Amino acid sequence: MTIDYLALGEELDPEEYVICEYIVKSDLDIKTAASRIAEEQSTGTWTHPTTLSDDIFERYGAKVVLAEGNKATIGYPIIDFSGDIGGIPQILSIVAGNLFGLDSLKKVRLDRLYLPKDVVERYPGPQFGIEGLRDVLDRPEKPLVGTIVKPKIGLPPQDFADYVYEAGKGGLTNSKDDETLVDQDFCPLEERVSRVSEALDRLEEEGHKMIHAHNITTSAHEILEAADIAIENGARQIMVDVLTVGFSGLQVLAEDPSVDVPIHVHRAMHGALTRDPEHGISMAVISTLSRMAGGDALHIGTYGAGKMHADISHELICKELLTQEMYGIKSMMPVSSGGLHPGVIGELMENSGNDVQIQAGGGVAGPPDGIRAGASAMCQAVDAAYKGISAVEYAKDHPELERALEMWGDH
Ligand code: CAP
Ligand code: MG
């Protein structure tokens, strides 16, 4: 019996298959390489098992529907993803599992993942999403503007909360813990949350709405307990590093009735998966899964305006994947962060549009006149771009922005 995984040119019903696009680098011809992926990831192994019948293959085997140049498109029958348990971990074990270690492939990248309605509907999606975050903040149109409290670690709770208060006085709508701060002895979660909540209450009494995302990145068995500590002490938003916690950690939070605040999703470690354009797992795939798992806002990059490595066209795809229609689940707020300062906001917003949360850590904490002035400069830069005015022009009437542009320039 010969099992032929190649079904080239065959149209697969996108409601019956999970369809994956891979970029492949191999000494094998692309059709053979694609077949190797399909067999390894579905019914096969390196031999054709005597137990594998035509019938089993037809029902459960992955099909290679395109193999051209360095691209292979493979469809996995939806029944391979059936059952009440398995979830995103199982999806990843199938579409992004053993194949990365196959010796016959020099490199391989899972570039795009298309999931049918039947699969997507099993996931919660964002509780708040773009609309919900805007409602919470009473900010219907303009980009959200935030900061990451810096230094990344080391501030005691009251100094930390003072930073947040000052940032709010400067006009910021958002702030957040950095991705490595959780519950360290110098700034324990419970005390940090209470102090920050007091600062946010004070800001609200003074007429300004702001939320702060508290990082509860931790082991799976204690993540709900960490969320409880944060929420019971007044957290208005929580945050996880989705790749170190795992998509299921995010989903546990999004599905728990006690978690009634938005979830900010940081992508620390993504570069290990996403940076090589020929190998790993793309940010597009991480975006799709984070949205399904129930995150409300996700870092997708700064379109080349900041300090982190960028592939602008790919970031635009991520933005699209977070915001486009997806079988009725809510959209997720794209977050641009990393090396931003007032001088680059105009350039950033040309790509991001207004549905974006813009964040600056060093860009707010860096100017010598203090956090409030740094925050004001960021807000002024966003207002200028929103109104279609250049930062340099706007700075003529806005001294904080003028100071920031003097420091970092306008580019
Ligand atoms: C930004 C940041 C974020 C990066 C991560 C940092 O700080 O807090 O973690 O944005 O990159 O530590 O670098 P600055 P990405 O504003 O001071 O650069 O969003 O691309 O995942
Ligand atoms: Mg950070």
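Predicted model, so just to flag it, every value in this text is computed and none were measured.
The main-chain N or O of Ile88 is never found under 3.5 Å from a side-chain atom of Gln251 such that the two would form a donor-acceptor pair. Between the side chain of Glu347 and the backbone N or O of Gly343 there is no donor-acceptor pair closer than 3.5 Å. Checking side-chain atoms of Thr218 against main-chain N and O of Ile223 turns up no donor-acceptor pair under 3.5 Å. Side chain of Thr147 to backbone of Ala360: a donor-acceptor contact under 3.5 angstrom is found. Judged by distance alone, the side chain of His266 and the main-chain N or O of Ala268 form a donor-acceptor pair under 3.5 Å. Not a single donor-acceptor pair under 3.5 Å links the side chain of Glu166 to the backbone N or O of Lys169. Under a 3.5 Å cut-off, the side chain of Asp241 and the backbone N or O of Leu243 do not form any donor-acceptor pair. At distances below 3.5 Å, at least one donor-acceptor pair connects side-chain atoms of Gln380 with backbone N or O atoms of Leu401. For the pair Glu15 (side chain) and Tyr17 (backbone), a donor-acceptor distance under 3.5 Å is absent. A donor-acceptor pair under 3.5 Å is formed between the side chain of Ser197 and the backbone N or O of Gly234.
Taking 4.0 Å as the cut-off between side-chain N and carboxylate O, Lys209 and Asp135 do not count as a salt-bridged pair. The existence of a salt bridge linking Glu179 and Lys152 is confirmed by a sub-4.0 Å separation between a basic side-chain nitrogen and an acidic carboxylate oxygen. Using a 4.0 Å cut-off between a side-chain N of Lys or Arg and a carboxylate O of Asp or Glu, Arg112 and Glu21 do not qualify as a salt bridge.
Considering OG of Ser104 and CZ of Arg36, their distance stands at 5.5 Å, rounded to 0.5 Å. Of the inter-residue distances, the one linking Leu105 atom CG with Ile37 atom CD1 reads 5.0 Å to the nearest 0.5 angstrom. To the nearest 0.5 Å, the span separating OG on Ser93 from CD on Gln41 amounts to 9.0 Å. In this structure, CD in Gln357 is found 6.5 Å from CE in Met333, a value given to the nearest 0.5 Å. From Ile94, atom CD1 reaches atom CG of Leu99 across 12.0 Å, with rounding to the nearest 0.5 Å. One distance of note links OG of Ser282 with CG of Leu110; it measures 6.0 Å at 0.5 Å rounding.
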- Task: Would you check, one step at a time, whether the test salt bridge (charged side-chain N to carboxylate O under 4.0 Å, His left out) holds for Arg236 with Asp201?
- Result: CA-CA 10 Å; Arg236 289 160 158 83; Asp201 287 347; 2.9 Å; yes
- Task: Check the pair Ile229 / Val193 against side chain to side chain contact (heavy atoms under 4.5 Å, CB included), numbers first and verdict last.
- Result: CA-CA 9 Å; Ile229 293 173; Val193 176; 5.9 Å; no
- Before giving the answer on salt bridge (charged side-chain N to carboxylate O under 4.0 Å, His left out), spell out for Arg109 and Asp111 the whole-Å C-alpha distance, their side-chain angles and the decisive distance to 0.1 Å. CA-CA 6 Å; Arg109 174 175 165 100; Asp111 205 44; 3.0 Å; yes
- Message: What verdict does the salt bridge (charged side-chain N to carboxylate O under 4.0 Å, His left out) test give for Arg195 and Glu191, after you've listed the backbone C-alpha separation in whole Å, the side-chain angles of each residue and the deciding distance to 0.1 Å?
- Response: CA-CA 6 Å; Arg195 300 285 173 92; Glu191 200 186 339; 2.9 Å; yes
- Intermediate values then yes/no, ring pair (Phe, Tyr, Trp, His ring centres under 6.0 Å), His214 and His264: CA-CA 9 Å; His214 288 286; His264 184 99; over 10 Å; no
- Message: Apply side chain to side chain contact (heavy atoms under 4.5 Å, CB included) to residues Ile345 and Ile358 and explain how you reach the verdict.
- Response: CA-CA 8 Å; Ile345 298 307; Ile358 298 171; 3.8 Å; yes
- What do the steps show when you test Ser82 against Asp80 for side-chain hydrogen bond (donor to acceptor under 3.5 Å, both in side chains), and what is the final call? CA-CA 6 Å; Ser82 56; Asp80 296 357; over 6 Å; no
- Message: Could you go through Asp383 and His398, starting from their C-alpha distance and side-chain angles, then the distance that decides it, and tell me whether this counts as side chain to side chain contact (heavy atoms under 4.5 Å, CB included)?
- Response: CA-CA 11 Å; Asp383 286 351; His398 295 87; over 6 Å; no
- Task: Kindly determine whether Lys319 and Tyr303 satisfy side-chain hydrogen bond (donor to acceptor under 3.5 Å, both in side chains), including the steps that lead there.
- Result: CA-CA 10 Å; Lys319 173 181 140 186; Tyr303 313 98; 5.1 Å; no
Donor-acceptor pairs are to be reported for all side-chain atoms of residues 284-293 against protein atoms at under 3.5 Å, with residues two or more places apart or in another chain.
from, atom 1, to, atom 2, distance (Å)
Ser287, OG, Met283, O, 2.8
Thr288, OG1, Ala284, O, 3.2
Ser290, OG, Ile286, O, 2.7
Arg291, NE, Lys330, O, 2.9
Arg291, NH1, Leu321, O, 2.8
Arg291, NH1, Leu322, O, 3.2
Arg291, NH1, Gln324, O, 2.8
Arg291, NH2, Gln324, O, 2.9
Arg291, NH2, Ile329, O, 3.2
Arg291, NH2, Lys330, O, 3.3

For residues 55-78, tabulate all N or O donor-acceptor pairs below 3.5 Å that involve a side-chain atom, not counting sequence neighbours.
from, atom 1, to, atom 2, distance (Å)
Lys63, NZ, Glu58, O, 3.3
Lys63, NZ, Gly61, O, 2.6
Tyr76, OH, Tyr22, OH, 2.7

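Between Cys379 and Leu172, the closest side-chain pair of non-hydrogen atoms falls below 4.5 Å. When side chains are defined from C-beta on, Val145 does not count as touching Asn174, because their heavy atoms never get closer than 4.5 Å. Between Asp228 and Leu224 there is no side-chain heavy-atom pair separated by less than 4.5 Å. Side-chain contact check for Glu400 versus Arg403: every heavy-atom pair is 4.5 Å or farther apart. Residues Leu340 and Gln359 form no side-chain contact, since every pair of their non-hydrogen atoms from C-beta on lies 4.5 Å or further apart. A 4.5 Å side-chain heavy-atom check between Cys318 and Pro334 finds every atom pair outside the cut-off. Inter-residue side-chain proximity for Leu144 and Val356 is flagged as unmet; no heavy-atom pair is nearer than 4.5 Å. Contact annotation: the side chain of Met210 never approaches that of Thr173 to less than 4.5 Å [non-hydrogen atoms, C-beta and beyond].
Among residue pairs with one or both ends in residues 136-189, those qualifying as ring-ring contact (aromatic ring centres under 6.0 Å, His included) are Phe160-His212; sequence neighbours excluded.
None of Leu181, Ile153, Val182 except one satisfies the side chain to side chain contact (heavy atoms under 4.5 Å, CB included) rule with Cys187; the exception is Leu181. Applying the side-chain hydrogen bond (donor to acceptor under 3.5 Å, both in side chains) test between Arg192 and each of Asp177, Asp183, Asn233, Asn215 identifies Asp177 as the sole match. With Asp355 as the partner, the salt bridge (charged side-chain N to carboxylate O under 4.0 Å, His left out) test is satisfied by one option alone out of Arg139, Lys142, Arg134: Arg134.
Checked by atom type, the side-chain pair Tyr386/Glu141 shows a donor-acceptor distance below 3.5 Å. Using a 3.5 Å distance cut-off with no hydrogens or angles, the side chains of Ser258 and Asp256 do pair a donor with an acceptor.
Nearest heavy-atom pair across Ala395 and Leu405 is CB-CD1, 3.9 Å.
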